[in-house]
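Notes follow once the structure below has been shown.
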Amino acid sequence: MKVKSSTASAKCKEEQAVNGHDEKEGNPFAEYMWMENEEDFNRQVEEELQEQEFLDRCFQEMLDEEDQEWFIPSRDLPQGLGQLQQQLNGLSVAEDHSSEDILSKSNLNPDAKEFVPGVKY
């Protein structure tokens, strides 16, 4: 009987030498098993990249449309109009006219009732 057990252990050692690992350890190539379906893996990664590129393009398009809808004076007003706006900002009403002068030229009725919204006269 002893001969059989030594023969069995010799076979085990031979298998270990051929495979390079014990059968109890599991598959040493498990981390490389994804390569078995490399074409599927590549297709999946390519689809993910294309989807990301599509999302980036859509987001950029949305930002461009939003920029076009917003009113930006420096971009949307003609150059001369911006200059005119600066000149208008510098203007003020002169106070050298007397109030009597303004009233004498007025077309308003000083005896008219005060306007109140919603009230009918």
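The first residue in the sequence is number 1, and the count goes up from there.
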Quick one: do Q44 and E48 satisfy side-chain contact (heavy atoms from CB on, under 4.5 Å)? Show the steps, please. CA-CA 6 Å; Q44 180 184 357; E48 289 173 4; 3.5 Å; yes
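No hydrogens or angles considered: nothing links the side chains of Q68 and D64 as a donor-acceptor pair under 3.5 Å.
Clustering ILVMFWY residues whenever any of their side-chain heavy atoms sit less than 4.5 angstrom apart, transitively, puts V45 in the very cluster that holds Y32.
Summarising the local packing, CD of E66 is surrounded by more than 12 heavy atoms from other residues, nucleotides or ligands at distances under 6.0 Å. Surrounding CE of M33 are at most 12 heavy atoms belonging to other residues, nucleotides or ligands under 6.0 Å away.
Separating the CG atom in N37 from the CZ atom in R43 is a distance of 10.0 Å, to the nearest 0.5 Å. Atom CD of Q50 is separated from atom CG of L55 by 12.0 Å, given to the nearest 0.5 angstrom.
With sequence neighbours left out, the side chain to side chain contact (heavy atoms under 4.5 Å, CB included) criterion links F54 to R57, C58.
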